[in-house]
Engineer: 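Sharing a structure, written as C-alpha cells. Questions coming.
From a predicted model like this one, the values you see are computed outputs, not experimental measurements.
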Amino acid sequence: MLSLIRAHWVSMAVSTVLLGGATVLILLQPLLAGRLVDRAAAGSPDIALAALLVAMLVGQLLLEALGHFQLDRTGEKIVLRMRTDFTNHVVRLPIGLLDRGRTGDLLARGTSDAGLLRDMPRAVGDIAFGTLTLLGAGVVMLTIDAATVGVVVVVMIVAFAAGNPFLSRIQHASLNRQVALGDYTAGLDRALSAARTIKLFGAESREAKSIGIDAHAAYESGVRIASSTAINVLLIRLGVTGSFLAIMIIDGRRVAAGGLSVGQFVSLLAFAVYAIFPITAAFTALAALRTAAGGYEHLTTTLRDLPEIDPPSRSTGGAVDSPRGQRTGPLVEFDRVVFSYGAVRVLSDVSFTLGHDQITALIGPSGAGKSTILSLLCRFHDPDGGTVRWEGEDFRSIPLAELRGKLGLLEQDAPVLHGTIRDNLLIADPNADDDDLWRVLKQANVADEIAGLPGLLDTPVLERGRSLSGGQRQRLALARAFLSRSQLILMDEPTAHLDRANEYDVMTNLLLARGTRSVLVVAHRLSTVTNADQILVLDDGRIQATGKHAELLRMPVYRELIEHELEEQ
C-alpha cells in the first residue's frame, strides 16, 4: 500500500522537511525553557530569550500546518489516482464478471474503499514526526539524565507491545466493514432500481429490514475499529503519562537532593509534555493505516480481476473495409461454435453465415441462446469451442476497439443513460452533428415526439430514462444503433415495446437500410421475420434450419415456432 506514495515522493519529501523543521523547533523549546527558568532563578530574566521561545513556537505551528496541508493534498491525489485506476479497470472488465457481481458493491469499492486512503500520507507523516520527536527528545534527555531515559524507554516498549495486537484487529474489522458497506450499497441500489415494484407489493419494510442487516454489520465492524483504536491509544497514553510521572517522581527527588538543577528538571518535564502529542498522533496514525489497509485490501480484490483480453492494435490503426465490388465471402461466420455458462451448455455446434448488406432474423424459443449469439458477436464472451470470424479473420485476433467499431447494438432492455437525449445518441458517434441526430431519430420514428419536448435534443431523460415511456426508450436506443458507423447492427427484439403503428414505421425504415449495412435481429414478431433476407431457426442450442420465410414454411420446426412463439401483431 505504501508504494502508492512513490508517485508523490516530491510532495512527501517537502512535507518531511517541513515536519522535520517543526521537530527541531520542538526539541529546542524545552532547552530554552530550562535556561529561562535557571536565569530567572538566578535573578536575571532574559527577555530576548523569551521572545525567541515564542517565535519558535509560532514557527513550529506554521511548519506543522504547512506540512500537514501538503500531506492532506497528497492524500487527495492518491484517492483521485485510485478512483481513476479503479474506474478505468472496472469498465474494461469482462461482461461475465460484471454480470456475476453487484453494481452497488463496485460503487462502494470505488467510493468508500478508495476514500479510506485519503489519510494515509498524513498517517505516514505523523508516524515520522512522532518517531523523530521521540528519538530527538530521547537523545537530548540522555545528556541530562540517562537513568530517567531508561525508565521511559521501558515504559513505552511495554505500552507499545500491549497495544500492538489491537492494530491487527483494526485492519480485520476494517475489511469486514467495507464488505458490509458494499453489501449495503448493493442492497440499496437494488431497492431503488425496483422502487415501483417494491411499493406496489408493499415490500418497503421487508426491503428496509434486509438492507438494515448489512448496515448493522457495518456498524458492528465500525464499533470494533473504534474500540480497538481507543484501547490502543489508551495504552500508549498510559505509557506517555507513566513516563511523565516517572520523570516527576525520580527527578523531583534529585532536584530536592541537589543532584539536578531546576532548569534541567523543567527541560525534562517539557520534553515529556511536548512528546505526548506527536507520539500519541503517531500511534493513532498506525491505527488509521490499518483501517486504510482493510479498505485497500477490499478494493484491490477487484483490481486483481483480469480485464478483457485484447490483441495488439494493428499498425494501420484498424482494418480497412473491402470495396463493395470485392466482397466475395461472408461478413460473419460461426464455425461449429460451442458455449456454456458454467456447467450449463447453451450453444452446441452452431454454424451459420451473415452476408454483406443483408437482413437476418434469428428466431427460437425462450432460452434457446439467441442473446448469447449476440454476446459472442460483441465479444462480451469468447466461445468454448469453434471459431467466430469477421470477413475470414478470427474475432480473437481483431483488437476489441476495432471489432466493436464495426458493430451497432440495440439491447433487449434498451438501456438509456442518465443525461440528455443528445448525450445518449452521441455515445454511438461523438462527432455527429444535429442533422445526423435528427436523421436517426426520424429513422427510429421518434423525431416528432422529441421535437415536442421543451429542451428538444437537450431534454434530460432522468435516471434509467424514467422520463420516457418504454417505447420511447426503445426507439431512442434504436436511433443510437442507427447512428453508429457500423457494418453490422445487432438488435435484440427491437420492436418488443412498440405498438403496431410504430413497429410498421420502424421496420419500414429498417428495410430502407437494406443494401447499406447488415442487420441481425432477434425477432419475436412475424412481421419482422417475413421481411428478412435470411432466417436462422435456433432451438436446443443448435441451428435447426436456415432460409427465407416461404422456404421454411415447409419445415415443422419453423411452423411450430410461428404458431407458438412469434406474435402476429
Engineer: Would you call L520 and I489 a side-chain contact if the rule is heavy atoms closer than 4.5 Å?
Structural biologist: no

Engineer: Please say which of R118, R81, R83 ends up in a salt bridge (Lys or Arg N to Asp or Glu O under 4.0 Å) with E76.
Structural biologist: R118

Engineer: List the atom of R404, the atom of C378, and the distance in Å for their closest heavy-atom pair.
Structural biologist: NE-O, 2.9 Å

Engineer: State whether the side chain of E393 and the backbone N or O of W390 hold a donor-acceptor pair below 3.5 Å, judged by distance alone.
Structural biologist: no

Engineer: Kindly indicate whether the side chain of L488, heavy atoms from C-beta on, has any atom under 4.5 Å from the side chain of S518.
Structural biologist: yes

Engineer: Would you tell me whether S340 and R345 have side-chain atoms, one donor and one acceptor, within less than 3.5 Å of each other?
Structural biologist: yes

Engineer: With no hydrogens and no angle check, just 3.5 Å: does a side-chain donor-acceptor pair link R224 and S221?
Structural biologist: yes

Engineer: Test of understanding: with side chain to side chain contact (heavy atoms under 4.5 Å, CB included), list the residues that count as partners of Y219, not counting sequence neighbours.
Structural biologist: H216, V223

Engineer: May I have the step-by-step check of side chain to side chain contact (heavy atoms under 4.5 Å, CB included) for L538 and Q544, ending in yes or no?
Structural biologist: CA-CA 6 Å; L538 181 67; Q544 304 291 346; over 6 Å; no

Engineer: Show your reasoning for whether side chain to side chain contact (heavy atoms under 4.5 Å, CB included) applies to I78 and M120.
Structural biologist: CA-CA 9 Å; I78 288 176; M120 185 177 64; 3.7 Å; yes

Engineer: With a 4.5 Å heavy-atom cut-off, do L552 and V537 have their side chains touching?
Structural biologist: yes

Engineer: Using 0.5 Å steps for rounding, measure from the CH2 atom of W438 to the CG atom of D433.
Structural biologist: 13.0 Å

Engineer: Partners of F352 by ring pair (Phe, Tyr, Trp, His ring centres under 6.0 Å), sequence neighbours excluded?
Structural biologist: F334

Engineer: How many angstroms lie between atom OG1 of T420 and atom CG of L457, to the nearest 0.5 angstrom?
Structural biologist: 8.0 Å

Engineer: Under a 4.0 Å threshold between the charged nitrogen and the carboxylate oxygen, would R379 count as salt-bridged to D382?
Structural biologist: yes

Engineer: Counting only heavy atoms not in D448, do more than 12 fall under 6.0 Å of its CG?
Structural biologist: no

Engineer: Going through the checks in order, is the side chain to side chain contact (heavy atoms under 4.5 Å, CB included) test met by L437 and L483?
Structural biologist: CA-CA 7 Å; L437 302 186; L483 184 64; 3.6 Å; yes

Engineer: Would you say that I373 contacts F339 through its side chain, given a criterion of any heavy-atom pair below 4.5 Å between the two side chains?
Structural biologist: no

Engineer: Which atom names give the shortest non-hydrogen contact between G541 and V350, and what distance separates them?
Structural biologist: O-CG2, 3.2 Å

Engineer: About how many Å separate CD1 of I535 and CG of L362, when rounded to the nearest 0.5 Å?
Structural biologist: 11.0 Å

Engineer: For the pair Q534 (side chain) and T353 (backbone), establish whether a donor and an acceptor sit closer than 3.5 Å, ignoring hydrogens and angles.
Structural biologist: yes

Engineer: How long is the straight-line distance from OG1 of T84 back to NZ of K77, given to the nearest 0.5 Å?
Structural biologist: 13.5 Å

Engineer: Nearest heavy-atom pair of F395 and L403: which atoms, and what distance?
Structural biologist: CD2-CD2, 3.6 Å

Engineer: If every non-hydrogen atom of I421 is compared with every non-hydrogen atom of L456, which pair is closest and at what distance?
Structural biologist: CD1-O, 3.9 Å

Engineer: With the side chain counted from C-beta on, respond yes when V521 and L490 share a heavy-atom pair under 4.5 Å apart, and no when they do not.
Structural biologist: no

Engineer: CG/L536 to CD1/I363 distance, rounded to the nearest 0.5 angstrom?
Structural biologist: 9.0 Å

Engineer: Could you walk me through whether V519 and T360 pass the side chain to side chain contact (heavy atoms under 4.5 Å, CB included) test, one step at a time?
Structural biologist: CA-CA 6 Å; V519 177; T360 300; over 6 Å; no

Engineer: By salt bridge (Lys or Arg N to Asp or Glu O under 4.0 Å), which residues pair with D458, not counting sequence neighbours?
Structural biologist: R422

Engineer: Report the C-alpha separation of D394 and R396 in whole Å, then their side-chain angles, then the decisive distance to 0.1 Å, and conclude whether the salt bridge (Lys or Arg N to Asp or Glu O under 4.0 Å) test is met.
Structural biologist: CA-CA 5 Å; D394 192 323; R396 285 168 289 201; 3.5 Å; yes

Engineer: How far apart are the C-alpha atoms of R389 and D335, what are their side-chain angles, what is the distance that settles it, and do they pass the salt bridge (Lys or Arg N to Asp or Glu O under 4.0 Å) test?
Structural biologist: CA-CA 8 Å; R389 301 186 182 92; D335 183 11; 3.2 Å; yes

Engineer: Do V522 and L374 make a side-chain contact, defined as non-hydrogen atoms from C-beta onward lying under 4.5 Å apart?
Structural biologist: yes

Engineer: How about T291 and R177: do any of their side-chain heavy atoms sit closer than 4.5 Å?
Structural biologist: yes

Engineer: I'd like to know if the side chain of S375 and the backbone of H381 have a donor-acceptor N/O pair within less than 3.5 Å.
Structural biologist: no

Engineer: Kindly give the heavy-atom pair with the smallest separation between P383 and V388, and that separation in Å.
Structural biologist: CG-CG2, 4.3 Å

Engineer: Please give me the minimum heavy-atom distance between A432 and L426, naming the atom from each residue.
Structural biologist: O-CD2, 3.8 Å

Engineer: CG of D357 to CG of D533: how many Å apart, nearest 0.5 Å?
Structural biologist: 10.0 Å

Engineer: Do E391 and H356 have side chains that approach each other closer than 4.5 Å (heavy atoms only, starting at C-beta)?
Structural biologist: yes

